[in-house]
Protein chains: 2
Amino acid sequence: MSTLKLQYHHGDLTKSLLEAATAIIKEQGVEGLSMRKLADKVGVSRTAPYHHFKDKNALLCALAERGFNQQEKMLAALKKQDHPTEQLFKEYVCAYMDYALEHSEIYDLMYGRTLWKAGTPSDSLKKSSKQTFKAWIEWVEELQEHGVLPNNNTPLRIGQTTWASLHGLARLFLDGIYLDQTDLSEMIEQMIKNLCSLRLAST
Amino acid sequence: MSTLKLQYHHGDLTKSLLEAATAIIKEQGVEGLSMRKLADKVGVSRTAPYHHFKDKNALLCALAERGFNQQEKMLAALKKQDHPTEQLFKEYVCAYMDYALEHSEIYDLMYGRTLWKAGTPSDSLKKSSKQTFKAWIEWVEELQEHGVLPNNNTPLRIGQTTWASLHGLARLFLDGIYLDQTDLSEMIEQMIKNLCSLRLAST
DNA sequence: AATTCTATCTTGACGGTGTCAATATTGCAG
DNA sequence: CTGCAATATTGACACCGTCAAGATAGAATT
């Protein structure tokens, strides 16, 4: 077992695959990721990855799941510095958009049709997403109590609609409908105004 | 030239292709559409479609463009019956969601990454989408004047953000993140409340 | 230390994809 | 009737995901 790359067994191929895949989709998009190119990049034969992931779908699920962990960590860090509730919410929105656009391909796997419609989300991925969503809804309840979000419906519905708004804004950019980054910042600002002013209307 | 299908020249292959393609993506999603299957369905050889569409991308662009026309027609019909402005807006929202979910695959081509990011939108498609968007912005201006949408920003920004909200809501369902139709109608209702109550907050 | 077992990796193969090049057929204009 | 342009065809190529069968290496057991 030398330190040279000519060894038969790779070491931690699972991890290497995930990282190489992340790099590829960052550069070439999910469409540019093929199992064969991936294997090649890691320096291994075509079918080696199949001993670590059942199929391509499973690999993409793993990437998405990583994304959920990553995102959750980021948001947890945000909440730690205890700013006023409303400011925190605004920071959350910015952070959410930041993550979506910075890791657009991962975001697409997390919330896009590739896995949820065209593919088959793994049980583990479903669990991750459910947990993330649950945390979000709980926070929405808090935000409602602090008068940042409206009270005219349950935390679930308010959480769903405000999330939908954010998600839609993110998608317009990461799907290539909008490209201009200048528009982006102004649209985020206006979206925050929209979401935050809702409480004024609730009874 | 008999009426039997054994003729060498097909007649109006362009149209047949578009209709067969529409049928396929409706049943099997965009992922289920291949040029070969399409040709086969129409009863023509693999490469025949290439005399009518430069490549698969071009065919998808044509489908998307049809979608824009279809959608525009639907919305024009809606406006003709001159209901009160606010009611009209609510009907618009419902109609928009209806269209998105009823023709989810076409909607995806119109506003999704398949063409706008992964693919290459044709000039003709760009034009169609631009026109649709322009019409929307003009109507937003009207809605602002009638106090249905807020006045705290330009028609462009308000149009962008409200559209983003609608788009996001649609995507959550047509991408398979949400599936329950019951949730859907309640979420639409709440989203309308969100959008329509914004004016109360604007100066 | 020798042997077995198991995890890992390999090559070979199959059916699918988009699309180019070269060829054949047809309908129409001259 | 002839020739031309539009349309359709077969053949080929390079990719793709993934299954099956065999090779290799490291760990466990004797």
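Side chains included, hydrogens not; waters and symmetry mates left out as well; all remaining heavy atoms used.
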Presence of donor-acceptor pair under 3.5 Å, side chain of A:R36 and base of D:dG17: yes
Should the side chain of B:R46 and the base of D:dG11 be counted as holding a donor-acceptor pair, with the cut-off at 3.5 Å?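 Check passes, donor-acceptor contact within cut-off.
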Round to the nearest Å and state the distance from [X] atom [atom1] to [N] atom [atom2].
X     : N      : atom1 : atom2 : value
B:E31 : C:dT17 : CD    : C1'   : 14 Å
A:M35 : C:dC9  : CE    : C1'   : 14 Å
B:D40 : D:dA8  : CG    : C1'   : 15 Å
B:L38 : C:dG16 : CG    : C1'   : 16 Å
A:K37 : C:dT17 : NZ    : C1'   : 15 Å

Between residues 47-61 of chain A and DNA chain C, which residues have a heavy-atom gap below 4.0 Å?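 Within residues 47-61 of chain A, the residues near DNA chain C are A:T47, A:A48, A:H51, A:H52.
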Does one side chain, of B:T132 or B:Q71, offer a donor that lies under 3.5 Å from an acceptor on the other?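 No, because no side-chain N or O of B:T132 sits under 3.5 Å from a partner of the opposite role on B:Q71.
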Under a 3.5 Å cutoff, is there a donor and acceptor pairing between the side chains of B:T161 and A:N194? yes
For B:L101 and B:Y96: C-alpha separation, side-chain torsions, deciding distance, then whether side-chain contact (heavy atoms from CB on, under 4.5 Å) applies. CA-CA 9 Å; B:L101 299 178; B:Y96 186 94; over 6 Å; no
Inspect the contact between B:E105 and A:K117 and indicate whether a charged nitrogen and a carboxylate oxygen are less than 4.0 angstrom apart. yes
With a 6.0 Å cut-off on ring centres, are [X] and [Y] close enough?
X      : Y      : value
B:Y107 : B:H167 : yes
A:F68  : A:Y111 : yes
A:W116 : B:Y178 : no
B:W136 : B:Y92  : yes

Considering every strand and a 4.0 Å limit on heavy-atom distances, what is the contact class for A:S45: base, sugar-phosphate, or nothing?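 Base contact - A:S45 has a heavy atom under 4.0 Å of at least one base atom.
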If the helix axis at each end comes from five base pairs, how far does the helix from C:dA1-D:dT30 to C:dG30-D:dC1 deviate from straight, to 10°?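 The value is 10°.
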Pairs in or reaching into residues 24-47 of chain A: which pass salt bridge (charged side-chain N to carboxylate O under 4.0 Å, His left out), with residues at least two apart or in two chains?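 Pairs touching residues 24-47 of chain A that pass the test: A:E31-B:R113.
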